[in-house]
Protein chains: 2
Amino acid sequence: MTATAGQCCAPIAREPLSETDAAELAVLLKAVADPVRLRLLSMIGSHAGGEACVCDLTDAFDLTAPTISHHLKVLRTAGLIDCERRGTWVYYWIIPAAVARLGALFTPLAEPATA
Amino acid sequence: MTATAGQCCAPIAREPLSETDAAELAVLLKAVADPVRLRLLSMIGSHAGGEACVCDLTDAFDLTAPTISHHLKVLRTAGLIDCERRGTWVYYWIIPAAVARLGALFTPLAEPATA
DNA sequence: GAACTAATTTGACATACCTCTAATCAGTTG
DNA sequence: CAACTGATTAGAGGTATGTCAAATTAGTTC
């Protein structure tokens, strides 16, 4: 990463994204660019205690357990969430720093261009 | 949209995203979840005057003109950019409100979960 | 340890996506 | 208007993605 030190990579609007930064961020965005995974992420993030059990997540969709498991793996591989097994159940939680990178990417663009 | 009035849809971390919100946002995110389109967006957004000519954009990549044109169309269809023909050249600019939606989605998640 | 529940892995299939070449549309200029 | 440059559209090919059924792994309980 040729990122600006600290928070995240260079915000999208200040200077052109480097080729490597763009490739890296695209991986992160691809992980999130799916309706099911977006909902999973928000369900985990808004769940009481900051954790959610797979069983709860699976029940909320009209999809099979393997499909949900697949989507969770995509999010985990991207570094957006992590999980731990506790007895019979597996719990997932969000990694705030990873999500913050995405927020920091777009926020500077909210300001209209130097008209 | 069952969005919270004003800025954007419900931020991802406060309450679970509705099915329709998730579907709609996924479309927006899919448009951005590609290294070439991310760079295009940042090149347009950081360009002096807030506009960029297609010819400049095309030259920055090792891709053919039709491919760049395709990516620009994806971004435009998603509502993230708009364009105008002026004589021989076509100029693109960013639609700040659309990009702001993405920023607002993730920013609330930056704060670590209610530990 | 046998039977059961929770979750993941594997393999397959249909669809979507990225890229290219070839052809077309839009404007300018001799 | 013919020739040229800039940009998009159309069509094709190879790869990646989302989903499921079947099989496997992990833990609990009788």
Side-chain angles (χ1 to χ4, degrees), chain A residues 17 19-20 22-44 47 51-93, chain B residues 17 19-20 22-44 47 51-93:
Chain A
L17 231 39
E19 205 167 337
T20 32
E24 195 172 320
L25 286 164
V27 171
L28 220 58
L29 285 166
K30 247 192 251 285
V32 159
D34 177 276
V36 175
R37 290 198 289 271
L38 254 189
R39 285 181 66 203
L40 282 171
L41 203 61
S42 82
M43 287 172 76
I44 296 171
H47 204 275
E51 290 183 341
C53 173
V54 173
C55 54
D56 293 333
L57 299 173
T58 302
D59 289 350
F61 294 87
D62 264 347
L63 296 168
T64 64
T67 297
I68 298 299
S69 198
H70 160 71
H71 284 303
L72 287 170
K73 185 174 190 172
V74 171
L75 289 172
R76 201 163 68 85
T77 300
L80 288 161
I81 60 176
D82 202 358
C83 67
E84 185 186 36
R85 170 165 225 130
R86 284 204 283 278
T88 306
W89 295 280
V90 176
Y91 294 87
Y92 280 82
W93 59 86
Chain B
L17 231 38
E19 205 165 336
T20 31
E24 196 172 322
L25 287 164
V27 171
L28 220 58
L29 286 165
K30 248 192 248 287
V32 158
D34 177 277
V36 175
R37 290 197 289 270
L38 254 190
R39 286 180 66 202
L40 283 172
L41 202 62
S42 82
M43 287 171 75
I44 296 171
H47 204 274
E51 291 184 339
C53 174
V54 173
C55 54
D56 292 332
L57 299 173
T58 302
D59 289 350
F61 294 87
D62 265 346
L63 296 168
T64 64
T67 298
I68 298 299
S69 197
H70 160 71
H71 284 303
L72 287 170
K73 184 174 191 173
V74 171
L75 289 171
R76 201 162 67 85
T77 302
L80 288 161
I81 60 176
D82 201 358
C83 67
E84 185 186 37
R85 170 164 224 129
R86 284 206 283 277
T88 308
W89 295 280
V90 176
Y91 294 87
Y92 280 82
W93 59 87

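Naming convention: chains lettered A, B, ... in sequence-line order (proteins, then strands); numbering from 1 in each chain. All of these numbers come straight from a predicted model, not from anything done at the bench.
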J.: Check B/P35 against A/A22 and note the closest heavy-atom contact, atom names and distance.
T.: O-CB, 3.8 Å

J.: Given atom CZ of A/F61 and atom C1' of D/dC20, what is their separation to the nearest angstrom?
T.: 17 Å

J.: For DNA chain C, note the earliest and the latest nucleotide, 5' to 3', having some atom under 4.0 Å of a heavy atom belonging to chain B.
T.: C/dC17 to C/dT28

J.: Given atom NE2 of B/H70 and atom C1' of D/dG11, what is their separation to the nearest angstrom?
T.: 14 Å

J.: When you measure from the side chain of B/T77 to the backbone of B/K73, do you find a donor-acceptor pair of N or O atoms at a distance under 3.5 Å?
T.: yes

J.: Going from CG on B/L40 to OG1 on B/T58, what distance comes out if it is rounded to the nearest 0.5 angstrom?
T.: 8.5 Å

J.: Which whole-number value in Å describes the distance from A/Y91 OH to D/dG27 P?
T.: 14 Å

J.: When rounded to the nearest 0.5 angstrom, what is the spacing between CG in B/D56 and CD1 in B/I44?
T.: 11.0 Å

J.: Mapping A/G87 and B/V54 to their closest nucleotides on DNA chain D, which lands nearer the 5' end?
T.: B/V54

J.: May I have the distance from A/I68 (atom CD1) to D/dC20 (atom C1'), rounded to whole angstrom?
T.: 12 Å

J.: If only atom types and distance count, is the side chain of B/R37 paired as donor or acceptor with the main-chain N or O of B/K30 below 3.5 Å?
T.: yes

J.: Please give me every residue in residues 76-86 of chain A whose heavy atoms get under 4.0 Å of an atom in DNA chain D, ordered by residue number.
T.: A/R85

J.: What is the distance, to the nearest angstrom, from the CG atom on A/L63 to the P atom on D/dA21?
T.: 11 Å

J.: Measure the CG-CD1 distance between B/L63 and B/I68 for me, rounded to the nearest 0.5 Å.
T.: 5.0 Å

J.: So which one's nearest nucleotide on DNA chain C is more toward 5', A/K73 or A/W89?
T.: A/W89

J.: Has B/R76 got its NZ or CZ under 6.0 Å from the middle of the six-membered ring of B/Y92, at an angle within 45 degrees of the ring axis?
T.: no

J.: Select one nucleotide: of D/dT5, D/dT9, D/dT8, the one nearest the side-chain heavy atoms of B/T88.
T.: D/dT5

J.: Which whole-number value in Å describes the distance from A/L40 CG to D/dG18 P?
T.: 12 Å

J.: Nearest 0.5 angstrom please: B/R39 CZ to B/L41 CG, how far?
T.: 12.5 Å

J.: From the options B/E84, B/H47, B/R86, select the one residue that forms a side-chain contact (heavy atoms from CB on, under 4.5 Å) with B/Y91.
T.: B/R86

